[in-house]
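Every heavy atom of this structure was used, including side-chain atoms; hydrogens, water molecules and symmetry mates were not.
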Amino acid sequence: MKITLENWEIARVLQETADLLEIKGENTFKIRAIRMAADVVESYTESLSDIVYRGSKDLRDVPGIGEGLAKKIHEIATTGDTAERRALFEELPRSLLEILKLPGVGPKKVKAFYDQLKIATVDGLEAAARAQRLRHLPGFGEKTETKILAGIESYRRDQGRYPLWEIEPVAEALLAHLRALPQVQRMEIAGSYRRRRETVADLDILVSCAEAPTVMKHFVAYRQVKSVLLEGPTKTTVVFNSGLQVDLRVVEPESFAAALVYFTGSKNHNIAMRDMAKRQDLKVNEYGVFRLAGANEERLPTPSEKEVYSLLGLAYVPPEMRENTGELERAAQRQLPHLITIKDILGDLHMHTVASDGKNSIMEMAEAAQQRGLRYIAITDHSKSTYVANGLDEKRLLDHIKAIDQVNDTLEGIRVLKGLECDIRPDGQLDIDNEVLAQLDVVLISIHSHMGMPREEMTDRILRAFANPYAHIFAHPTGRLVKQRDAYPIEMERVMEAALHYKVALELDAFPTRLDLNDVYCRMAKERGVKLTIDTDSHMREHLVNVTYGINVARRAWLEKSDVLNTQPVGAFLKSLRHW
DNA sequence: GCCGTTTTCGGCCCGACTGTTTTCAGTCG
């Protein structure tokens, strides 16, 4: 039977294999190779399942994948698992993987607990620690026992990764606290926060200051700090009352740029960059760039991040691109894309009013958009199938069209387009008559019901909707909600092919809980020549600011102005619908 | 297990901090 796995599902099997091999004590470089391959798979913009079934490409052409991993991936794509992983699970209980997730517990400790005390679960470990049985193991002591109990507590309370939009105000407040110190020269939030990932696991704060101890003291005294995990002369780690972990690193001013590159990461970007440095007899670390000459090393000046990259023969790489997904090769060839910015967005094509489930009138939304500098918007209330949102039927929609015309008659400087967010019924038909759709400027189509359909049926349903000549833009294409709801299963390769065929644009819905399409799929669309739109899906005028979260995703997907339809003036934009 | 202007074997990024150690292994990022 043919099974279809998304790339992230294949990546997870590989990561688990790596975890198990690590507990077994296998060669660390082999493990690293598997983890690297898993990361490559997860961000790969072609379906590996598809490649395997079609035989359309040699997996060994993918960077980081050679003979062995190509075989493993083939096996996973066709059977869902590997014989190797099954054998490992015969030997080591699955629950060990959970122990491995505990902070401060790595593969060596997991192995020691299991081999010497037969501990296989987090509960078992907790009981052993409470009974003071861990301290007798060689290399362990009383403090380790205490730390493990604390680690278990934080793991149980841990909410994992936090959405970026939730963390931003927390981060800003902390920066304000630190900025109050006159000794602080430069300060930046680095890590995945700066790379603008949709969620972050912790905050990495970088400060340049000649008096590190003063900054550390001030940091630890912050009112949100609940406990201190590590405290050294240059690095301190604390946990906030909310459970968020925050790292502070203090460096000398001359090292700030190199440290910023290092702490922004990602890890794989750093590894690849340092590897490139080594080939040029250079060394890169968080203190600077050094030229190696025999036993001596000469420190090269790095006043800015741009200099750090430049010394390695690279163009400056924007933080959002630093994921080791090909950006370094492009930087070496001076062929980095010119990433889209918020200023490029001239229109917003997805918003609701009091006519369906919005909080403001057409006029209020238009005025708010105009204040933000937009040149056009589309009012796209729900259609009748979304009855929980008071969706419009044909008659109410026709009245709404008239109301939009009236706003256009009275408002200068912004154009309000007549639109609809039209439901795709389970059979793939749109739920509003074509003769009414024909009177609209912009028709979004989207799925709000029957999300549990099997992958193939769901894909067929979407493709039938694309065939409707009045469908312009497929809104929030996967239906996922960040950390709340997985995407409904679809065959993304087929959806993209059809989008290109019918010239239906795909939406990047910037609403912070959606961010749909995500970064990997947006990049996939760009590579296939499928156009996107970036819209806020606003339900009140205050939501219009959320476009910035869409820009975050777009930049991570390497999108340029030309990839996004609503960067065009309104006339060109309207002509481009179904004709890009 | 991957990879190649040191190539098909022998390398594989680099450093901070902790706890248990008398010089370092484990963990983390």
Exercise. What nucleotide among B:dG15, B:dC17, B:dC2 has an atom nearest to a side-chain atom of A:Thr234?
Worked result: B:dC17
For this session: Using atom OH of A:Tyr262 as one end and atom C1' of B:dG15 as the other, report the distance to the nearest whole Å.
Result: 6 Å
For this session: State whether A:Tyr287 places a side-chain N or O below 4.0 Å from either non-bridging phosphate oxygen (OP1 or OP2) of B:dC13.
Result: no
Exercise. Distance between the P atoms of B:dG26 and B:dT21, in whole angstroms?
Worked result: 13 Å
Exercise. With both distances kept under 3.5 Å, what pairs with B:dG10, Watson-Crick or G-U wobble?
Worked result: B:dC3
For this session: Quick one: label A:Glu142 by what it contacts on the DNA or RNA (base, sugar-phosphate, nothing), any heavy atom closer than 4.0 Å.
Result: sugar-phosphate
Exercise. Looking at the side chain of A:Lys108, which of B:dT18, B:dC13, B:dG26 is the nearest nucleotide?
Worked result: B:dG26
Exercise. Expressed in whole Å, how much space separates the P atoms belonging to B:dT22 and B:dC17?
Worked result: 22 Å
Problem set entry | Validation row: A:Leu69, A:Leu14 side chains within 4.5 angstrom (heavy atoms) | yes
For this session: To the nearest Å, give me how far apart CZ (A:Phe29) and C1' (B:dC14) are.
Result: 12 Å
Exercise. If you find the nucleotide of DNA chain B closest to A:Lys143 and the one closest to A:Ala70, which residue's nucleotide is nearer the 5' end?
Worked result: A:Ala70
Exercise. Atom CG of A:Asp202 to atom P of B:dC28: distance rounded to whole Å?
Worked result: 12 Å
Exercise. Between A:Leu230 (CG) and B:dC17 (P), how many Å, whole number?
Worked result: 8 Å
For this session: Taking only the side-chain nitrogens and oxygens of A:Lys235, find out if one of them lies under 4.0 Å from OP1 or OP2 of B:dT18.
Result: no
Problem set entry | Given DNA chain B, 5'-ward residue of the pair A:Val284 and A:Gly64, judged by closest heavy atom | A:Gly64
Problem set entry | CZ (A:Arg291) with more than 12 external heavy atoms under 6.0 Å | no
Problem set entry | Interatomic distance at C1', B:dC28 relative to B:dC13, whole Å | 14 Å
Exercise. Please give, in whole Å, the distance from B:dC13 P to A:Met36 CE?
Worked result: 8 Å
Exercise. Strictly by modelled atom types, are A:His269 and A:Glu327 linked by a side-chain donor-acceptor pair under 3.5 Å?
Worked result: yes
Problem set entry | Euclidean distance, atom NZ of residue A:Lys72 to atom C1' of B:dC2 [Å, nearest integer] | 12 Å
For this session: Have a look at A:Ile31 and say if it touches a base, only the backbone sugar-phosphate, or nothing, with a 4.0 Å heavy-atom cut-off.
Result: nothing
Exercise. Which of these nucleotides, B:dT18, B:dA16, B:dG26, is closest to any side-chain atom of A:Glu231?
Worked result: B:dT18
For this session: Grab the CZ-P distance between A:Arg35 and B:dC12 for me, whole Å please.
Result: 20 Å
Seminar exercise, completed: Per atom distances to the A:Lys147 side chain, the nearest of B:dC13, B:dC17, B:dG19 is B:dG19
Exercise. Do the side-chain N or O atoms of A:Lys278 get closer than 4.0 angstrom to the phosphate oxygens (OP1, OP2) of B:dT6?
Worked result: no
For this session: Round to a whole Å and report the spacing from CG of A:Asp275 to P of B:dC14.
Result: 9 Å
Problem set entry | Criterion side-chain hydrogen bond (donor to acceptor under 3.5 Å, both in side chains) on A:Ser43 and A:Arg523, from CA distance to verdict | CA-CA 9 Å; A:Ser43 62; A:Arg523 188 166 167 193; over 6 Å; no
For this session: Could you measure between the two C1' atoms, the one in B:dG15 and the one in B:dG10, and give it in whole Å?
Result: 24 Å
Problem set entry | Out of B:dT27, B:dC14, B:dG15, whichever nucleotide has its closest atom nearest the side chain of A:Lys109 | B:dT27
Exercise. Counting any heavy atom closer than 4.0 Å, what does A:Leu102 reach on the DNA or RNA strands: base, sugar-phosphate only, or nothing?
Worked result: sugar-phosphate
Problem set entry | Candidate nucleotides B:dG1, B:dG29, B:dC17, ranked by approach to the side chain of A:Asp204 - the nearest | B:dG29
Problem set entry | Evaluation steps, side-chain hydrogen bond (donor to acceptor under 3.5 Å, both in side chains), between A:Glu527 and A:Thr45 | CA-CA 8 Å; A:Glu527 287 177 1; A:Thr45 53; 2.5 Å; yes
For this session: Report yes or no: does A:Thr302 contribute a side-chain atom to a donor-acceptor pair with the main-chain N or O of A:Gly288 at less than 3.5 Å?
Result: no
Problem set entry | Closest to side chain of A:Thr144, choosing from B:dC13, B:dT20, B:dA16 | B:dT20
Problem set entry | B:dC12 versus B:dT6 - spacing of their P atoms, nearest Å | 14 Å
For this session: Under 4.0 Å between any heavy atoms, over every strand shown, what does A:Arg32 touch: base, sugar-phosphate, or nothing? Just pick one.
Result: base
For this session: Please work out if A:Asn285 contacts a base, only the sugar-phosphate, or nothing of the nucleic acid, heavy-atom cut-off 4.0 Å.
Result: sugar-phosphate
Exercise. When rounded to the nearest Å, what value does the distance between C1' atoms of B:dA25 and B:dT20 take?
Worked result: 9 Å
For this session: Would you mind classifying the nucleic acid contact of A:Phe263 as base, sugar-phosphate or nothing, using non-hydrogen atoms under 4.0 angstrom?
Result: nothing
Exercise. Mind checking the C1' distance from B:dG1 to B:dT5? Whole angstroms is fine.
Worked result: 24 Å
Seminar exercise, completed: Sequence neighbours excluded, the answer for ring pair (Phe, Tyr, Trp, His ring centres under 6.0 Å) partners of A:Tyr222 is A:His177, A:Phe240
Problem set entry | Set of residues satisfying side-chain hydrogen bond (donor to acceptor under 3.5 Å, both in side chains) with respect to A:Arg196, sequence neighbours excluded | A:Glu168
